[in-house]
Amino acid sequence: MQNIRLALVASAAAMLFSAMAAAQSAPPSQTTVQGTSTAAATSELSDGEIRKVDKDGKKLTIKHGPLKNLDMPGMTMVFSVKDDAVLDQVQSGEKVRFLAEKVDGKITVTKIEAAR
């Protein structure tokens, strides 16, 4: 009986050590805080150019470089926007830096600023 307890304690200790080692070796963009991914918070903004502002559809068409956080190559695509107010702040032809994330299954612009 004591051998079984010792084996269970050793097994639990090994699993705990393994989990701690994995958490320490994970890159910062992959760590979580209370179950929420911090990848978006630490990701770089991507470069882009506004091609179309669709206020009725609440969408932006952006020609962009690679979106590293989404593992997506550069292309021109239509994005939803998290905040409709953004649609009044940008115009076609404007160079921007932005962050896009998957929100409710849609790729959505969650942060945008004028390129410097």
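Here the shortest heavy-atom pairing between E49 and V96 reads N-CG2, 4.5 Å. The nearest pair of heavy atoms linking A100 to F79 is CB-CE2, 3.8 Å. In terms of heavy-atom proximity, M72 sits nearest to I107 at CE-CD1, 3.4 Å. In plain terms, the two heavy atoms of H64 and P73 that are nearest each other are CE1-O, 3.5 Å. Considering all non-hydrogen atoms of both residues, N69 and E101 come closest at ND2-CG, 4.1 Å. The two residues P66 and S46 have their closest heavy-atom pair at O-OG, 3.1 Å.
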Problem set entry | Verdict with supporting geometry, T110 and V103, side-chain contact (heavy atoms from CB on, under 4.5 Å) | CA-CA 9 Å; T110 57; V103 177; 4.2 Å; yes
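When atom types are taken as modelled, the side chain of S92 and the backbone of R51 share a donor-acceptor pair closer than 3.5 angstrom.
Both I62 and L67 belong to a common hydrophobic cluster when Ile, Leu, Val, Met, Phe, Trp and Tyr are linked at side-chain heavy-atom distances under 4.5 angstrom. No path of Ile, Leu, Val, Met, Phe, Trp and Tyr side chains, each step under 4.5 Å between heavy atoms, connects I112 with L45, placing them in separate hydrophobic clusters. In the hydrophobic cluster analysis, where Ile, Leu, Val, Met, Phe, Trp and Tyr join through side-chain heavy atoms closer than 4.5 angstrom, V81 is grouped together with L70.
Summarising the local packing, CG of D84 is surrounded by more than 12 heavy atoms from other residues, nucleotides or ligands at distances under 6.0 Å.
Atom NZ of K82 is separated from atom CG of D104 by 11.0 Å, given to the nearest 0.5 angstrom. Atoms CG and CG, on L60 and D54 in that order, are 9.0 Å from each other to the nearest 0.5 Å. Atom CG of D83 and atom OG1 of T108 lie 12.0 Å apart (nearest 0.5 Å). Rounding to the nearest 0.5 Å places NZ of K95 at 7.5 Å from NZ of K63. Within the model, atoms CD1 of I50 and CD of E94 stand 6.5 Å from one another, a figure rounded to the nearest 0.5 Å.
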